[in-house]
Peer 1: 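Can you read through this structure? Questions will come right after.
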Amino acid sequence: FTVLTGETGAGKSILLDALETLFAGPNSISGVRLIRSGSDRGQIEACFSISSSVKTWLINQELDLVESELSISRHWSYRNQKLISQSRINGILVNQKRLASLRPLILDITVQGQTQKVSMPNQQLFFLDALGQKGINDVLQVVKLSWNQSQESSKNLQNAIAEREKSK
């Protein structure tokens, strides 16, 4: 748990904006604003200690573990006058969906006024799903296995019926 305090103009917002942008969060700064005038590319990078939940996530995502540190970077560049953004975790290119799934394990930024999100039904579902993630995944695997077995049994039954009809 970290709290940033300081006088107005001390740079708190700059740090929070940088982290939000690194993780391509909903309130992130546009990449266009982060590229210096006259330059054709920009980059932001941060390193984090790896907690047990982040380590599990990295293993499940089949991403490399680099000692006890996690490196996340985001690059912007112009290609054919179009701004392109790429994100990497430990040097491996990842899409924003994967990065978004890692974000809650590392970062939860709450600023004034955001506490009202708790009253939003979609946010409540998100919190409940996050709370029971392991249990939900375990049950989901059982349901998937049962569904596949049911589908295979149904196919075998249809084949047996077809064979019986042929032999009549």
Side-chain angles (χ1 to χ4, degrees), residues 1-2 4 11-111 113-118 120-148 151:
F1 178 70
T2 303
L4 297 175
K12 301 177 299 294
S13 295
I14 293 170
L15 176 61
L16 294 175
D17 287 348
L19 288 170
E20 187 75 22
T21 301
L22 177 68
F23 283 94
N27 301 319
S28 61
I29 297 172
S30 166
V32 174
R33 288 187 46 208
L34 297 173
I35 297 178
R36 185 183 328 173
S37 180
S39 187
D40 61 349
R41 60 187 168 157
Q43 176 178 328
I44 188 169
E45 186 171 348
C47 294
F48 301 91
S49 297
I50 297 177
S51 65
S52 60
S53 59
V54 171
K55 183 176 182 177
T56 301
W57 185 90
L58 288 167
I59 291 167
N60 290 340
Q61 297 291 316
E62 298 178 358
L63 295 169
D64 291 339
L65 292 168
V66 179
E67 297 176 21
S68 62
E69 202 171 78
L70 174 71
S71 172
I72 301 173
S73 63
R74 192 158 176 216
H75 308 263
W76 293 269
S77 61
Y78 284 104
R79 291 188 193 145
N80 302 325
Q81 284 110 25
K82 185 176 178 184
L83 187 64
I84 305 294
S85 171
Q86 293 182 327
S87 297
R88 295 180 187 275
I89 297 175
N90 290 342
I92 298 170
L93 193 63
V94 294
N95 62 28
Q96 288 192 4
K97 185 177 179 182
R98 278 176 107 181
L99 196 57
S101 70
L102 172 62
R103 184 182 192 273
L105 300 176
I106 295 177
L107 188 64
D108 182 17
I109 298 175
T110 305
V111 295
Q114 282 188 332
T115 53
Q116 285 104 17
K117 283 186 176 181
V118 173
M120 298 169 64
N122 287 345
Q123 193 66 30
Q124 293 168 0
L125 289 174
F126 172 78
F127 289 141
L128 287 171
D129 287 348
L131 182 64
Q133 192 65 44
K134 183 177 178 353
I136 290 170
N137 285 337
D138 292 347
V139 171
L140 182 61
Q141 292 304 319
V142 170
V143 169
K144 281 182 180 179
L145 179 62
S146 297
W147 171 257
N148 290 336
Q151 291 298 103

Peer 1: Taking side-chain hydrogen bond (donor to acceptor under 3.5 Å, both in side chains) as the test, write out the residues that go with Ser13, two or more places apart.
Peer 2: none

Peer 1: Could you check whether atom NZ of Lys55 has more than 12 heavy atoms from other residues, nucleotides or ligands sitting under 6.0 Å from it?
Peer 2: no

Peer 1: Who pairs with Asn60 by side chain to side chain contact (heavy atoms under 4.5 Å, CB included), at least two apart in sequence or on another chain?
Peer 2: Thr56

Peer 1: Return the minimal non-hydrogen interatomic distance between Arg74 and Leu22, and the atom names on each side.
Peer 2: CD-O, 3.7 Å

Peer 1: List in chain and number order the residues that pass salt bridge (Lys or Arg N to Asp or Glu O under 4.0 Å) with Asp40, two or more places apart in sequence or in another chain; answer none if no residue qualifies.
Peer 2: none

Peer 1: Within the 4.5 Å heavy-atom criterion, are Leu63 and Asn90 side-chain neighbours or not?
Peer 2: no

Peer 1: Check whether any side-chain heavy atom of Phe23 lies under 4.5 Å from a side-chain heavy atom of Leu107, and answer yes or no.
Peer 2: yes

Peer 1: Of the non-hydrogen atoms in Leu105 and Ser53, which two are nearest, and what is the gap between them?
Peer 2: CD1-O, 3.9 Å

Peer 1: So for atom CD, which belongs to Glu62, do other residues, nucleotides or ligands contribute more than 12 heavy atoms lying within a distance under 6.0 Å?
Peer 2: no

Peer 1: Hey, does the side chain of Arg98 reach the backbone of Gln61 with a donor-acceptor pair shorter than 3.5 angstrom?
Peer 2: yes

Peer 1: Hey, mind stepping through Leu70 and Ile106 against side-chain contact (heavy atoms from CB on, under 4.5 Å) and telling me if it holds?
Peer 2: CA-CA 10 Å; Leu70 174 71; Ile106 295 177; 3.2 Å; yes

Peer 1: Go through the structure and list residues passing side-chain hydrogen bond (donor to acceptor under 3.5 Å, both in side chains) with Ser73, not counting sequence neighbours.
Peer 2: His75

Peer 1: Taking CD1 in Ile14 as the centre, count heavy atoms belonging to other residues, nucleotides or ligands within less than 6.0 Å. Is the count above 12?
Peer 2: no

Peer 1: From Ile50 CD1 over to Glu69 CD, what is the distance, rounded to the nearest 0.5 angstrom?
Peer 2: 8.0 Å

Peer 1: Between Asn80 and Lys82, is there a donor-acceptor pair closer than 3.5 Å when you use the side chain of the first and the backbone of the second?
Peer 2: no

Peer 1: Check Ser87 against Leu99 and note the closest heavy-atom contact, atom names and distance.
Peer 2: OG-CD2, 3.6 Å

Peer 1: For the pair Leu102 and Val94, evaluate side-chain contact (heavy atoms from CB on, under 4.5 Å) and give the outcome as yes or no after the intermediate values.
Peer 2: CA-CA 11 Å; Leu102 172 62; Val94 294; over 6 Å; no

Peer 1: Taking side-chain hydrogen bond (donor to acceptor under 3.5 Å, both in side chains) as the definition, give me every residue that meets it alongside Arg41, ordered by chain and number, with sequence neighbours left out.
Peer 2: none

Peer 1: Can you list everything that forms a side-chain hydrogen bond (donor to acceptor under 3.5 Å, both in side chains) with Glu45? Sequence neighbours excluded, please.
Peer 2: Gln43, Ser71

Peer 1: Hey, are the side chains of Trp76 and Thr21 touching, using non-hydrogen atoms and a 4.5 Å cut-off?
Peer 2: yes

Peer 1: Do Arg103 and Glu20 have side chains that approach each other closer than 4.5 Å (heavy atoms only, starting at C-beta)?
Peer 2: yes

